2 protein chains.
Amino acid sequence: MPLAPPRPRLPSLNALRAFEAAARCESFTKAAEELGVTAGAVTQQIRQLEAWLGIRLFDRLAQGVALTPAARAALPRLSRSFDMLAHSVQDLRAAHENRALAIAALPCIAQLWLSPRLPALQQAFPGLLVSITAMEQPPDLKREPYDLALFYLEDAPTTAQALDPDAILPVCAPAIARRLENTADLANETLLHDAVWRDDWARWLASAGAPKTIDPHGGPAFSLYALALDAALAGAGVLMGRMSLIGPHLEAGRLAAPFEYRLTMPDRLTLLAPPDGPSHPRVAAVMEWLGSSANSQPSS
Amino acid sequence: MPLAPPRPRLPSLNALRAFEAAARCESFTKAAEELGVTAGAVTQQIRQLEAWLGIRLFDRLAQGVALTPAARAALPRLSRSFDMLAHSVQDLRAAHENRALAIAALPCIAQLWLSPRLPALQQAFPGLLVSITAMEQPPDLKREPYDLALFYLEDAPTTAQALDPDAILPVCAPAIARRLENTADLANETLLHDAVWRDDWARWLASAGAPKTIDPHGGPAFSLYALALDAALAGAGVLMGRMSLIGPHLEAGRLAAPFEYRLTMPDRLTLLAPPDGPSHPRVAAVMEWLGSSANSQPSS
DNA sequence: TGACGAGACTTAGATTATCTCAGTCTTGCG
DNA sequence: CGCAAGACTGAGATAATCTAAGTCTCGTCA
């Protein structure tokens with residue numbers, strides 16, 4: 001007795017993923033960002049899912065969306081499903097012999113902290129392949145396929161290893177440093193900023209007791225810290241430097257610190273590993289190596 | 001420090017689903033059938049996933065495929081992920097007020113057993129919406145969105161309710177029955193078969209001690225039991241009838257049973273509910289009602 | 001009170017992803 | 001040796017998904 005009409009099946013998996021993200025973020029815009037698509041795409045996916053289910057999942061408010069009770073009730077299990085799915089994929093990836101150790105890092109950390117250490121890392125772990133991906137926000141290591149993440153964090157989760165506290169202080173080309181005697185002299189200099197850390201100058205100036213007449217937000221802001229650093233090296237102004245990032249330049253004399261005062265920061269360079277145990281055979285060893293390498297500044 | 005290149009994300013969810021099905025079935029062809037696509041589509045999805053992961057998931061043998069150890073190791077968690085995903089969707093569907101009770105059934109059960117009971121069911125449960133989907137194989141109720149399934153099964157799981165044992169016996173139009181005195185007379189009659197139950201005549205004839213000269217596989221086979229039944233009602237031959245399906249016709253005299261002997265079958269009509277508890281508020285009551293309605297044959 | 005901004009919606013059209021189809025290849029089996 | 005089963009391939013069709021650009025609604029702020 002055959003007769004097999006295409007059975008009604010699950011809704012589109014992509015629509016479910018969009019819903020999960022939107023529900024977790026409570027925002028279509030944020031979900032779209034997370035998924036790497038436009039908000040309109042999320043709108044359509046959610047609508048499609050609502051049509052399939054025959055129920056409303058979000059209440060559309062003027063300002064954003066709100067989960068319906070039914071959607072809220074189903075969310076935890078749905079999220080756990082995607083967590084488990086991602087975990088399964090990690091299992092599969094783990095089978096890849098000698099695969100690259102995937103590191104996610106803040107762009108400035110990738111360029112200025114990790115990159116200089118790579119030669120020594122390669123020497124310490126012969127044959128190790130490393131892939132580095134720069135991103136602004138720490139990835140969800142339960143979900144995304146990275147073996148290690150390097151970010152500045154104030155509160156490190158238990159699976160993480162936070163390095164020694166970091167400090168900031170003004171740095172500049174030696175020629176500029178020579179004409180700076182006290183913080184008031186900064187009024188005549190160009191202050192260089194990183195776009196994300198725009199407040200660092202204000203914090204340092206306040207903490208150092210500098211005259212309030214200095215505009216802590218004047219001067220150019222760079223979208224990449226490395227660009228701001230290049231500008232400082234070229235003598236274009238005074239940069240608020242992070243010791244962990246500009247230490248080697250200070251030691252080598254390419255940069256000078258006109259003022260002694262260092263402001264210790266609450267966020268520390270942190271090594272994060274996936275919560276479900278190391279996903280790459282050498283993660284633990286590499287983490288330990290990187291942790292101890294933090295004290296011995298790389299040469300050059 | 002922006003700069004956000006599209007991050008590497010999870011592999012295609014559809015590819016994962018295809019892999020899960022293929023791995024579970026250990027066959028691309030069966031997986032394709034389950035997913036309702038062609039085998040070529042599965043081939044391509046698996047290849048895409050293998051390329052993404054950088055590992056081989058199946059060993060291609062001349063005759064079919066074999067899971068690699070890595071794939072086999074990851075399968076259980078992956079399957080559970082999809083189970084949980086489906087479960088989440090059920091949660092969402094459950095929020096739909098007054099939604100239809102989705103019943104999956106063997107086509108012959110849907111047409112000949114369930115259909116005649118629907119009027120009384122509607123009367124017993126006013127306002128209840130019912131949707132019926134016919135299919136050859138019981139759906140995986142962990143995965144597919146049905147609230148109730150009706151199939152002939154030998155071993156019912158604990159969540160199921162098996163009805164009284166069923167029996168088969170030859171039935172035909174009364175005019176034909178009058179010229180049949182003993183089983184040997186069947187040699188001169190056309191035997192009607194259901195394509196799926198092609199062996200039922202052989203089992204009954206052997207059990208009834210009929211002459212071995214009768215060819216138990218002669219005569220036309222119908223792809224739908226209801227078609228074979230129509231042929232029998234029209235006097236085209238003798239059908240091996242299931243009591244649960246042709247009972248009303250016997251009672252009404254439209255069909256006659258030329259021989260007394262009934263062979264009790266090992267598979268019984270079984271009501272299956274999803275393992276995670278009733279997904280529809282009235283499932284339990286409907287199951288009970290259907291179970292007790294089995295004894296009271298519907299009229300007409 | 002009115003301009004603005006945030007956030008979601010809509011539609012058309014473009015872009016991808018996915019599927020089918022038809023033919024091929026290999027191998028086990030009669 | 002021919003056939004059947006099961007998987008592969010590549011081209012082309014189809015369907016799913018995304019983007020883009022313009023709307024709409026409401027808060028917020030001047």
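To find a chain, count down the sequence lines: A is the first, B the second, and so on, and within it residues start at 1. Small disclaimer: the values here were computed from a predicted structure and weren't measured.
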Can you see whether B:Tyr152 has B:Arg242 sitting over its ring - NZ or CZ less than 6.0 Å from the centre and within 45° of the normal?
yes
Could you grab the distance from atom CZ of A:Phe19 to atom CD1 of A:Ile46, nearest 0.5 Å is fine?
6.5 Å
What distance do B:Leu57 atom CG and B:Leu75 atom CG have between them, rounded to the nearest 0.5 Å?
10.5 Å
Within a radius of less than 6.0 Å around CD of A:Glu33, do more than 12 heavy atoms belonging to other residues, nucleotides or ligands occur?
no
For atom CZ of B:Arg80, decide whether the heavy atoms of other residues, nucleotides or ligands shown that lie under 6.0 angstrom number more than 12.
no
Whole-Å distance between C:dA6 C1' and A:Glu33 CD?
14 Å
Which atoms form the tightest heavy-atom contact between [X] and [Y], and what is the distance?
{"X": "A:Ala94", "Y": "A:Arg99", "result": "CA-NH1, 3.7 Å"}
{"X": "B:Leu49", "Y": "B:Pro11", "result": "CD1-CB, 3.7 Å"}
{"X": "B:Arg17", "Y": "B:Leu35", "result": "CG-CD2, 3.9 Å"}
{"X": "B:Tyr146", "Y": "B:Pro274", "result": "O-CG, 3.4 Å"}

Can you list, in residue-number order, the parts of residues 56-74 of chain B that come under 4.0 Å of DNA chain C, counting heavy atoms only?
B:Ala62
Could you identify which residues of residues 22-32 of chain A place a heavy atom less than 4.0 Å from some atom of DNA chain C, listed by residue number, or say none?
A:Ser27, A:Phe28, A:Thr29
Can you pull the contact range of chain A along DNA chain D, 5' to 3', using atoms under 4.0 angstrom from its heavy atoms?
D:dT17 to D:dC26
Angle class for the B:Trp201/B:His193 ring planes (parallel below 30°, perpendicular above 60°, tilted otherwise)?
perpendicular
Check the pair B:Glu34 / B:Arg24 against side-chain contact (heavy atoms from CB on, under 4.5 Å), numbers first and verdict last.
CA-CA 11 Å; B:Glu34 174 177 316; B:Arg24 188 159 30 76; 2.8 Å; yes
Listing time: all N or O pairs from protein to nucleotides 15-18 of chain C that are below 3.5 Å?
| residue | atom | partner | partner atom | Å |
| --- | --- | --- | --- | --- |
| C:dT18 | OP1 | B:Ser12 | OG | 3.3 |
| C:dT18 | OP1 | B:Asn14 | ND2 | 3.1 |
| C:dT18 | OP2 | B:Gln48 | OE1 | 3.4 |

Among residues at least two apart in sequence or on other chains, which ones pass side chain to side chain contact (heavy atoms under 4.5 Å, CB included) with B:Ala187?
B:Ile214
Within residues 70-98 of chain A or reaching into it, pairs that qualify as ring-ring contact (aromatic ring centres under 6.0 Å, His included) - sequence neighbours excluded
none
Ignoring backbone atoms, test whether A:Thr43 places a side-chain nitrogen or oxygen under 4.0 Å from the OP1 or OP2 oxygen of C:dC9.
yes
